[in-house]
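Heads up, the thing below is written out as structure tokens.
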Amino acid sequence: MTQAPELTGDQAIAMMRRRPPVGAARLLGSEPLAIDTERGFARLTHQVGEEFCTEYGVLQGGFLTAMLDEAMAIAAVAPRGFRYAVPTLEMKTNYLHPVKPGRLVSEGQVVRIEGRVIYLDGRLYDPVGELAATASATGRFFAVDFLGPTPP
Amino acid sequence: MTTAAEPRLDRQRNRDRGPAARLLGHRLLAVEPETAAVELAYEARADFFNPMGVMQGGFTAAMLDQALVDAVVARADMRQAVTVLETQCCFLRAIGPGELRCRAEVVHLGRSTAFAEARLYGPDGALAATATAVTALGPREGAD
């Protein structure tokens, strides 16, 4: 990270837990497990069922990309106190093997920040803990308080 | 007019894609007779959105992913199982609520690999996201 984090990891998790997840995060059953704002790292859990599966009973790959996208986004914005959004400009996912529904763990890691552009990578672990997908992404910081004002 | 492509559209339209496609509001509109390019519609719903109030990139990716698989399955005419090895998505514009259109086609069909590309258009009709995929083709279990 090119600047000192504004929050500790525990503060970032507490901030996320004060606001119930909305939209995509709620649908994917996402919860923060660990955040390291010094390293620009986030680990989330997801709980997903058969509604995200293909006709073969495995998770449709796009939803694995959705989990990785979330972990990378939180890794990017938590060190800056959630005062920025990082819309993804580009993202690549490698699918290593088919994944059954259940509890999955995603990880996002900041690789580099150059001005407003941020480079990230991600890893996704299946319900038995095996590496199931990897990702890399390019994003751009936008100053916006996307979690809303901090409650008193 | 009766052409060989009509049964193909029916086969693709009636194909079971599983719950994920239903969740995305997937509808197959057309399969081009010559290229097997597919035209699809999706529904961008608020529960696919991020806290910014626009589609979370991963859900955009899920729609593109489904379209890429559809294009490969249509081109292979369901003779082979399709496994996605990798996708790359570019997010051009934020996507708000409404009906989305998508077009996907195979750019190269090998014996064991297929390459495809897809374009997703926002509710206003503007190009909003693009994707490419590398897929593996294998024997299809339980093929009828």
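Just so it is clear: chains get the letters A, B, ... in the order the sequence lines come, proteins before strands, and each one is counted from 1.
- If you tally non-hydrogen atom pairs under 4.5 Å between each of B:C89, B:C90, B:A61, B:G53 and chain A, the highest count goes to B:C89.
- More than 12 non-hydrogen atoms from other residues, nucleotides or ligands lie less than 6.0 angstrom from CZ of A:R116.
- When side chains are defined from C-beta on, A:Q60 counts as touching B:D65, because their heavy atoms get closer than 4.5 Å.
- Residue contact with chain B, scored on non-hydrogen atoms closer than 4.5 Å, involves the side chain of A:L28 exclusively.
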**OP:** Determine, step by step, whether B:L24 and A:F52 satisfy the side-chain contact (heavy atoms from CB on, under 4.5 Å) criterion, reporting the C-alpha distance in whole Å, the side-chain angles of both residues, the deciding distance to 0.1 Å, and the verdict.
**Re:** CA-CA 9 Å; B:L24 298 171; A:F52 300 98; over 6 Å; no

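- Note: A:L89 leads A:T65, A:T134, A:V22, A:L89 in heavy-atom pairs under 4.5 Å with chain B.
- Using a 4.5 Å cut-off between heavy atoms, B:R45 does not touch chain A at all.
- Applying the side chain to side chain contact (heavy atoms under 4.5 Å, CB included) criterion to A:T45, with sequence neighbours excluded, gives A:E31, A:L33, A:R103, A:V105.
- Grouping Ile, Leu, Val, Met, Phe, Trp and Tyr residues whose side-chain heavy atoms lie under 4.5 Å apart, directly or via other members, places A:V117 in a hydrophobic cluster with A:V111, A:Y119.
- For residues 107-131 of chain B, a heavy-atom distance under 4.5 Å to chain A picks out no residue at all.
- Ranked by heavy-atom pairs under 4.5 Å with chain A, the first of B:G57, B:P19, B:G18 is B:P19.
- We find that A:E51 and B:R22 are not joined by a salt bridge, their nearest charged nitrogen and carboxylate oxygen being 4.0 Å or further apart.
- Shown here is A:R26, whose CZ atom has no more than 12 heavy atoms of other residues, nucleotides or ligands within 6.0 Å.
- For chain B, the option among A:C53, A:A133, A:S136 with the highest count of heavy-atom pairs below 4.5 Å is A:C53.
- A:M91 places a side-chain heavy atom less than 4.5 Å from the side chain of B:F91.
- Atoms CG and CG, on A:L27 and B:L23 in that order, are 6.0 Å from each other to the nearest 0.5 Å.
- A:A24 is linked by a side chain to side chain contact (heavy atoms under 4.5 Å, CB included) to B:Q56, B:F59, counting only residues two or more places apart in sequence or in another chain.
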**OP:** Give the intermediate values and the outcome of side-chain contact (heavy atoms from CB on, under 4.5 Å) for residues A:Y95 and B:L85.
**Re:** CA-CA 5 Å; A:Y95 305 100; B:L85 302 180; over 6 Å; no

